[in-house]
Asks: 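Okay, here's the structure, questions in a sec.
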Amino acid sequence: MKGVPVNDSGQGLGSSARSQRKDARRNQQTLLEAAAAVFVTSGVDAPVRDIAAEAGVGMGTIYRHFPTRADLVIAVYRHQVDACAEAGPALLAAGPTPLAALGQWVDLFVDFLVTKHGLAAAMQADTAGFETLHAYFLERLLPVCTQLLEAAAASGEIRSDLDAYQLMRGIGNLCIGAEGDPRYDARRLVALLVAGLRQAP
């Protein structure tokens with residue numbers, strides 16, 4: 001019987017390919033997290049060299065993964081949406097109460113909304129692309145917000161007459177322009193909104 005093909009290190013080629021794919025995914029995650037961090041402080045027009053420095057890689061590495069700035073912005077946006085979506089069930093499982101989990105998730109959602117400034121401007125020439133991103137946003141986050149609201153309502157902590165779309169739209173409206181006005185605290189206003197969901201004794 002023929003043996004499994006191996007590379008020079010004696011590692012199976014199939015295992016090596018899987019390892020390389022895993023490393024590539026990890027490297028891409030690092031780039032996306034670095035870009036997100038730079039976008040928070042400098043906006044989506046930040047120089048690529050700043051993102052490369054944050055990620056600890058050369059600029060060529062970024063261009064290999066993301067040939068255009070729009071590619072990078074879209075990838076960061078999707079990455080942040082995915083992180084927000086995955087956090088919901090985890091917070092619900094770990095939180096002391098469903099309402100506490102909802103509050104923590106809303107904080108993450110506010111961070112996402114406030115720090116993605118510049119996305120619309122970066123995507124304005126690509127209406128279809130922006131609409132696709134918005135559809136992805138709703139597809140990933142509406143079910144998570146619904147799950148958290150339903151759990152908090154079932155526990156008797158909040159009222160049950162508000163759906164996820166209404167809440168997310170309200171939070172979004174409160175966050176508009178927040179990143180450009182140091183006198184406006186969107187998080188405080190959103191906290192008051194969430195407090196208003198509490199079930200009356």
Side-chain angles (χ1 to χ4, degrees), residues 25-26 28-44 51 54-55 72-120 133-201:
R25 284 195 300 271
R26 186 163 51 243
Q28 188 162 326
Q29 292 286 93
T30 300
L31 290 179
L32 291 173
E33 287 164 9
V38 172
F39 288 170
V40 167
T41 56
S42 305
V44 296
I51 298 169
E54 178 75 18
L72 178 60
V73 171
I74 289 168
V76 168
Y77 182 88
R78 290 175 69 97
H79 176 65
Q80 290 183 309
V81 168
D82 289 340
C84 198
E86 290 161 9
L91 290 169
L92 194 55
T97 67
L99 180 57
L102 175 64
Q104 290 175 305
W105 185 82
V106 166
D107 278 346
L108 293 176
F109 184 55
V110 169
D111 285 341
F112 167 73
L113 293 176
V114 171
T115 60
K116 70 177 180 63
H117 53 113
L119 175 70
L133 280 182
H134 185 64
Y136 185 74
F137 169 92
L138 293 176
E139 175 189 322
R140 293 286 279 137
L141 298 184
L142 269 178
V144 175
C145 188
T146 297
Q147 180 186 17
L148 289 161
L149 281 174
E150 289 178 349
S155 70
E157 295 176 282
I158 65 170
R159 53 196 296 165
S160 59
D161 59 348
L162 183 71
D163 66 31
Y165 180 82
Q166 290 176 321
L167 178 62
M168 288 171 60
R169 181 70 183 267
I171 292 171
N173 287 340
L174 288 173
C175 291
I176 291 173
E179 74 279 1
D181 186 352
R183 296 179 61 191
Y184 179 64
D185 185 352
R187 190 182 300 280
R188 184 168 185 271
L189 270 293
V190 171
L192 290 173
L193 172 63
V194 173
L197 299 178
R198 288 181 180 274
Q199 188 72 272

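The first residue in the sequence is number 1, and the count goes up from there. Since the model is a prediction, treat every value here as computed from it, not as a measurement. Computed from heavy atoms alone, side chains included, the values below leave out hydrogens, waters and symmetry copies.
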Asks: Can you see which heavy atom on L72 is nearest to which on A35, and at what distance?
Replies: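 Shortest heavy-atom contact: CD1-CB, 4.0 Å.
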Asks: Could you pull out all residues at least two apart from D161 that satisfy side chain to side chain donor-acceptor pair (under 3.5 Å)?
Replies: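 Side chain to side chain donor-acceptor pair (under 3.5 Å) check on D161 returns R159.
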Asks: Is the F39 to Y77 ring centre distance short of 6.0 Å?
Replies: no
Asks: Roughly how far, to the nearest 0.5 Å, is CD of Q29 from NE2 of H79?
Replies: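 Taking NE2 in H79 and CD in Q29, the distance rounds to 5.0 Å.
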Asks: With sequence neighbours left out, what residues match Q166 under side chain to side chain donor-acceptor pair (under 3.5 Å)?
Replies: none
Asks: Hey, could you give me the CG/CD distance between L92 and Q147, rounded to the nearest 0.5 Å?
Replies: 5.5 Å
Asks: Once side-chain contact (heavy atoms from CB on, under 4.5 Å) is applied, do any residues pair with E86, and if so which ones, sequence neighbours excluded?
Replies: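 D82, R140.
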Asks: Report yes if the side chains of L113 and V110 come closer than 4.5 Å at any heavy-atom pair, otherwise no.
Replies: no
Asks: Hey, what do you get for CD1 (I158) to CD (E150), rounding to the nearest 0.5 Å?
Replies: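 Nearest 0.5 Å value for the CD1-CD distance: 9.5 Å.
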Asks: Going by side chain to side chain donor-acceptor pair (under 3.5 Å), name the residues that satisfy it together with Y184, two or more places apart in sequence or in a different chain.
Replies: none
Asks: Which pairs of donor and acceptor atoms, one on a side chain in residues 98-107, lie under 3.5 Å apart (sequence neighbours left out)?
Replies:
| unit_1 | atom_1 | unit_2 | atom_2 | d |
| --- | --- | --- | --- | --- |
| W105 | NE1 | C84 | O | 2.9 |
| D107 | OD1 | R187 | NH1 | 3.2 |

Asks: Taking atom CD1 of I51 and atom CG of L31, what is their separation to the nearest 0.5 Å?
Replies: 9.0 Å
Asks: Are L149 and L167 close enough, and set up right, to give a side chain to side chain contact (heavy atoms under 4.5 Å, CB included), and what steps lead you there?
Replies: CA-CA 9 Å; L149 281 174; L167 178 62; 3.9 Å; yes
Asks: Using 0.5 Å steps for rounding, measure from the CD1 atom of I176 to the CG atom of N173.
Replies: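 Answer rounded to 0.5 Å: 4.5 Å.
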Asks: What residues, two or more places apart in sequence or in another chain, satisfy side chain to side chain donor-acceptor pair (under 3.5 Å) together with S155?
Replies: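 By the side chain to side chain donor-acceptor pair (under 3.5 Å) rule, S155 matches E157.
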Asks: What distance do L192 atom CG and L174 atom CG have between them, rounded to the nearest 0.5 Å?
Replies: 9.5 Å
Asks: To check you understand the geometry: which heavy-atom pair defines the closest contact between L193 and G170, and what is its length?
Replies: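 Between these two residues, the closest heavy atoms are CD2-C, 4.4 Å.
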Asks: State, to 0.1 Å, how close L141 and F109 come at their nearest heavy-atom pair, and which atoms those are.
Replies: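 Shortest heavy-atom contact: CD1-CE1, 3.8 Å.
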